[in-house]
Number of protein chains: 2
Amino acid sequence: MSDKPTTIKEIAKLLNISVSTVSRALNDHSSIGLITKMRVKKLAAELNYEPNQRAIQFLQGKSHTIGVILPELSESFFSAAISGIEDIAYKRNYTVLLAQSHDDQDREKLLVEKMKTQRVDGLLISVSKTTSTYEHFEALKKLNIPIVFFDRIPPIKNIHFVASNLETGTYEAVNFLLKKGHRTIGMINGPSTLVASAERKNGYIKAMTSQRLKFDPSLIVGCDLSDQGTKEAMDTLLHHKRKPTAIVTFNDYVALFAIRHARSLQIKINEDLDFVSYANLPIINYMDYTPIASVEQFPYKQGKKAANILLDLINKPRNDSGTEQAYFNIVVESELVINQSK
Amino acid sequence: MSDKPTTIKEIAKLLNISVSTVSRALNDHSSIGLITKMRVKKLAAELNYEPNQRAIQFLQGKSHTIGVILPELSESFFSAAISGIEDIAYKRNYTVLLAQSHDDQDREKLLVEKMKTQRVDGLLISVSKTTSTYEHFEALKKLNIPIVFFDRIPPIKNIHFVASNLETGTYEAVNFLLKKGHRTIGMINGPSTLVASAERKNGYIKAMTSQRLKFDPSLIVGCDLSDQGTKEAMDTLLHHKRKPTAIVTFNDYVALFAIRHARSLQIKINEDLDFVSYANLPIINYMDYTPIASVEQFPYKQGKKAANILLDLINKPRNDSGTEQAYFNIVVESELVINQSK
DNA sequence: TAATTATACACAACCGTTTGCGCATCTATC
DNA sequence: GATAGATGCGCAAACGGTTGTGTATAATTA
C-alpha cells in the first residue's frame, strides 16, 4: 500500500511548519520549542519516518561505509577475517561493502574502481595472488581514502597494513619439535615468490641456529601447494639422505595430503613422523591423523584489528599540514597451538 | 595533494559550458555536438572524473545495492553462499552490503532496520535461529523492498525463498544404503524444532517404505549436535537391539565425531559400519575415515539462485495494479554425492 | 526571401536533508 | 516605555548529478 518512505517534507506539510524546523526538532536542536519537538516526533513515529541515509551520505560527502575486497570468501581464513571486520564495523556504526577478487588482478582493479565511485570512506583489502601492479591503489590515496592492507600485503612503501608474522610462529614450531628431540626437521614450503614462504624459512633457520644446529637448506623443499606437488615434496624429503623425523608443512591442506601420502607408505604418523602445520582449517580437531601442533594466525582477530585501524584512520583529524604521515604496520604474532586431542 | 573528487561542475566551469551539457556529453546524449563531447570527455579523463554514485543513487532513489544478512560468516555453508551471492551481484552490477546476525534476533532486527535506512534495493536473509517474530520484515514489504529468504526460512506465508530440500537427498542417501545391502539403518537427527530435521526424517521414512521395509522410529535418535550429544546418540544406536550397519548423521561435524567414537570402540568404519552425512565441510576429502557418501546442498549455487531471484524482483515492472503477486518458492534439490576417494 | 525545422546548448527543477542566517515575538532589564 | 537579549521558527543554499523545457543560431525548404 504505502509506497515511498516518509520524508521530512511530508511531516513539515502535515504540521504546517518548515522542513528545517522538522529536521532540527528530530535532532533535538536547542532552538526548537518543546511543544514543536513533541509534535514532530510524535508524527514522525506514527509515519515510521526514518532519515534517508543515502541523502545524508550524499550531503555530507561521507558514506559511513567501508569497502572490503578479499580474494575468496569461501576460504576459511578470509571468511573468519570478514567476520571480524563486520563485527567491528557494526560496533562502530559503519557499513560493509563486500566484494571478492577471485585472485584476479583485473577484477581487483575494477573492484577498487567501483569502491571509489561508491565513495567508500575507506578500503580494506587482501590483494590477489596475481596482482603485480599497484597504481590502482594510488588513486584512492589521492582522494584521501585510507587503505589498510590485510594479510596479503603488496611490496610497496608507505602503506598501512595488518599481517601475521609467520616467522615467530615458525620459530616456535621448530623449537617445539627440537625440544621434543627431533634433530632432522623437514619443511614443505610454499612458492618462493610469497613473502609468507620467506617468513617460514627464516623462522626455521633461526630456530635451528639458535640451538647451534647446522641449517641444511636441502631439508626445505618448495612446493606449488597442489596435491601432486605435495606428493613430490614428500618423496623428496622421505628419500633425503637425512630422513626427517618431523615435517613442517605450509598449510593444513598440504599437511593432510602429506599425512595421507605418508600413511600410504606405511609410515606411522606421530610415531615415525611428526607434523606441524599452519592453521587454516577449523575442523582439524575432528580428524584422526593430524599435525601435533599448528601455527595459529588468528584471522578473526586480524580482521578486527585491521577494521579498527581503518576506522581510526577515517576518523582521525585530517593531516592538512605537511606533517609526516605515520603508517600503521601491525604485525599480529602467530602462535603455536599444541593439538589438544592427541 | 588533490583532495575532493572532480565534479561535473568543475568541468563545466573550466570549459565555460553548463553542467547539463557536460552531463549529457558524458552520457552521449544525441543533442550534444561532437566537438563538445570530445572536449568534455578529454577533460573528464584528464581530471579522472568519475560520477558520484552516491549522488546518482540519491537522485534516482535507487541504491543499486542489495543487503545480505547471514547468521555466521565463518560457517562454511554461509561463506560459500555469500560467495555465490556476491558473484551474481557483481555480474549484474549490484553492490553487496553485508552483515551477520550471529543468530541473535535483536541484532537481526537492528540490521533489517539499518538496511532499510540505507535504502537497499532488496534484501537477502537467512534468519537467525532465535528469530521468533517476523514483523520487522513487514516494514520492508510496505516499502516495496523485496526480500528473498534463504536456507533458513521463517514459517510465514507469502514470501520468496530459496532453500534446499533435504528430503530428496535423504531419500537418495537411504536408498543408496539399502541398495548396498544395508537393512538396519540408523539416523542421528537434529533437534525436532528444525524444519531440516523433519525433512531428513521424512526422506528416511519414504526410502524405507518405498522398499516395503518397516519403519522403526527408534532407529532415529535426536541429538543436540554437540560432541557429547553425538556420543550419546551413537551409544543408543550401537546398543539398539537391531544394531545398525549404517548410520545417517545430521551433518559432517556429527559424522566425524561419531566416526571417531565408533573407532575408539574398535568398530571398523566402512566395513562394520557405513556412514552417510550432509556436506558442510569442504575438506572432508582429505580425511581418512569419512562417510561413504554425502548429501550435497550446494550453498554456492543456492546463493547464486537467491541473488538472481532478488535482482529479478527488483528489476521487474512494479505490480501497481491489484493483480496477485507471485511468490518464488525455489527448492534446490539436495543430491547424494558418492565419496570418490574411497 | 520568409517560414520551417534541426541542431546545440542553457536554464532550472528536483531528489532529502542539514545548516547558517535572518526575522519576528516575547521576556527581562534599566 | 524603550532597549536588549533570548526564544522559536522560516528562508534558502548546498551536496552532484539528471532531465524536461526553453531558446538562439544555423540549415533546410517552399
Side-chain angles (χ1 to χ4, degrees), chain A residues 2-41 43-44 47-65 116-121 143-145, chain B residues 2-41 43-44 47-65 116-121 143-145:
Chain A
S2 63
D3 201 330
K4 292 290 151 206
T6 313
T7 71
I8 228 169
K9 282 187 188 173
E10 295 166 15
I11 298 180
K13 198 171 293 174
L14 285 172
L15 293 176
N16 272 319
I17 56 180
S18 75
V19 288
S20 53
T21 303
V22 176
S23 172
R24 281 186 250 253
L26 292 171
N27 291 313
D28 268 328
H29 196 279
S30 62
S31 78
I32 302 298
L34 199 59
I35 337 99
T36 314
K37 274 186 190 173
M38 302 250 298
R39 294 210 309 146
V40 169
K41 285 183 181 176
L43 185 59
L47 297 178
N48 292 313
Y49 170 77
E50 272 159 17
N52 183 339
Q53 290 300 330
R54 298 274 156 181
I56 297 176
Q57 290 165 7
F58 163 59
L59 174 65
Q60 306 187 333
K62 288 279 163 200
S63 63
H64 256 67
T65 298
K116 198 169 63 181
T117 68
Q118 289 286 339
R119 300 292 196 269
V120 295
D121 289 344
L143 293 176
N144 270 304
I145 300 175
Chain B
S2 60
D3 201 334
K4 293 289 153 207
T6 313
T7 71
I8 227 170
K9 285 187 186 171
E10 295 166 15
I11 297 179
K13 196 171 292 173
L14 285 173
L15 294 176
N16 273 318
I17 54 181
S18 76
V19 286
S20 53
T21 303
V22 175
S23 172
R24 282 189 246 257
L26 290 171
N27 291 313
D28 269 328
H29 195 281
S30 62
S31 79
I32 302 299
L34 198 59
I35 337 97
T36 314
K37 275 185 189 173
M38 302 251 298
R39 292 209 312 147
V40 170
K41 287 183 180 176
L43 185 58
L47 297 177
N48 292 314
Y49 169 76
E50 272 160 18
N52 182 339
Q53 290 299 332
R54 299 273 155 181
I56 297 175
Q57 290 165 7
F58 163 57
L59 174 65
Q60 305 188 332
K62 289 278 162 200
S63 63
H64 256 69
T65 298
K116 196 169 65 181
T117 68
Q118 289 288 337
R119 300 291 197 271
V120 295
D121 289 343
L143 294 176
N144 269 305
I145 299 175

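In what follows, chains carry the letters A, B, and so on, assigned in the order in which the sequence lines appear, proteins first and then strands, with residues in each chain numbered from 1.
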Under the side-chain hydrogen bond (donor to acceptor under 3.5 Å, both in side chains) rule, collect the residues that match up with B:Gln57, sequence neighbours excluded.
->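 Residues passing side-chain hydrogen bond (donor to acceptor under 3.5 Å, both in side chains) with B:Gln57: A:Arg54, A:Gln118.
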
Margin query: Among residues at least two apart in sequence or on other chains, which ones pass side-chain hydrogen bond (donor to acceptor under 3.5 Å, both in side chains) with B:Thr7?
Written below: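 With neighbours one apart ignored, the set is empty.
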
Exercise for the section: For B:Ser30 and for A:Thr7, find the nucleotide of DNA chain C with the closest heavy atom, then tell me which residue's nucleotide is more 5'. Expected result: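 Upstream on the strand: B:Ser30.
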
Take the protein atom [atom1] of [X] and the nucleotide atom [atom2] of [N], then report the distance between them rounded to whole Å.
{"X": "A:His29", "N": "C:dT19", "atom1": "NE2", "atom2": "C1'", "result": "8 Å"}
{"X": "B:Phe58", "N": "C:dT17", "atom1": "CZ", "atom2": "C1'", "result": "7 Å"}
{"X": "B:Leu15", "N": "C:dA8", "atom1": "CG", "atom2": "P", "result": "17 Å"}
{"X": "A:Asn27", "N": "C:dT17", "atom1": "CG", "atom2": "C1'", "result": "9 Å"}
{"X": "B:Leu143", "N": "C:dG16", "atom1": "CG", "atom2": "C1'", "result": "15 Å"}
{"X": "A:Gln118", "N": "D:dG17", "atom1": "CD", "atom2": "P", "result": "14 Å"}
{"X": "A:Asp28", "N": "D:dG8", "atom1": "CG", "atom2": "C1'", "result": "15 Å"}
{"X": "B:Ile8", "N": "D:dT18", "atom1": "CD1", "atom2": "P", "result": "5 Å"}

Of all heavy-atom pairs between [X] and [Y], which one has the smallest distance, and what is that distance?
{"X": "B:Leu47", "Y": "B:Thr6", "answer": "O-OG1, 2.7 Å"}
{"X": "A:Ala44", "Y": "A:Leu26", "answer": "CB-CD2, 3.9 Å"}
{"X": "B:Ile56", "Y": "B:Pro51", "answer": "CD1-CB, 3.8 Å"}

ask   = OG1 of B:Thr65 to CG of B:Asp121: how many Å apart, nearest 0.5 Å?
value =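 Answer for the OG1-CG pair, B:Thr65 versus B:Asp121, is 6.5 Å.
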
Using 0.5 Å steps for rounding, measure from the CD1 atom of A:Ile32 to the CE atom of A:Met38.
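Separation between the atoms: 15.0 Å.
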
- prompt: Between the two end axes of the helix from C:dT1-D:dA30 to C:dC30-D:dG1, each built from 5 base pairs, what angle do you get to the nearest 10°?
  reply: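 That helix gives 60° between its end axes.
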
Next item on the list: Check whether any side-chain N or O of B:Asn52 sits under 4.0 Å from OP1 or OP2 of D:dC15, and answer yes or no.
Entry: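 Result: no.
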
| query | Given the rule in the side chain to side chain contact (heavy atoms under 4.5 Å, CB included) test, do B:Thr21 and B:Leu15 qualify, once you have shown the distances and angles that lead to the verdict? | reply | CA-CA 10 Å; B:Thr21 303; B:Leu15 294 176; over 6 Å; no

Problem set entry | Any donor-acceptor N/O pair, B:Ser63 side chain to B:Arg119 backbone, under 3.5 Å |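 It does hold such a pair.
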
Letter by letter from the 5' end, nucleotides 9-14 of chain C scores (B base, S sugar-phosphate only, - none; protein heavy atoms under 4.0 Å) BBBB-B

**Request:** Applying salt bridge (Lys or Arg N to Asp or Glu O under 4.0 Å), name anything that partners B:Lys41, two or more places apart in sequence or on another chain.
**Result:**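 Scan of B:Lys41 (salt bridge (Lys or Arg N to Asp or Glu O under 4.0 Å), adjacent residues dropped) gives B:Asp28.
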
| request: Answer whether the closest heavy-atom distance between the side chains of A:Val40 and A:Ile17 falls below 4.5 Å. | output: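 When only atoms from C-beta onward are counted, A:Ile17 and A:Val40 do touch, with a gap below 4.5 Å.
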
Polar-atom pairs under 3.5 Å, protein N or O versus N or O of nucleotides 23-28 of chain C: list them with distances, or write none.
none

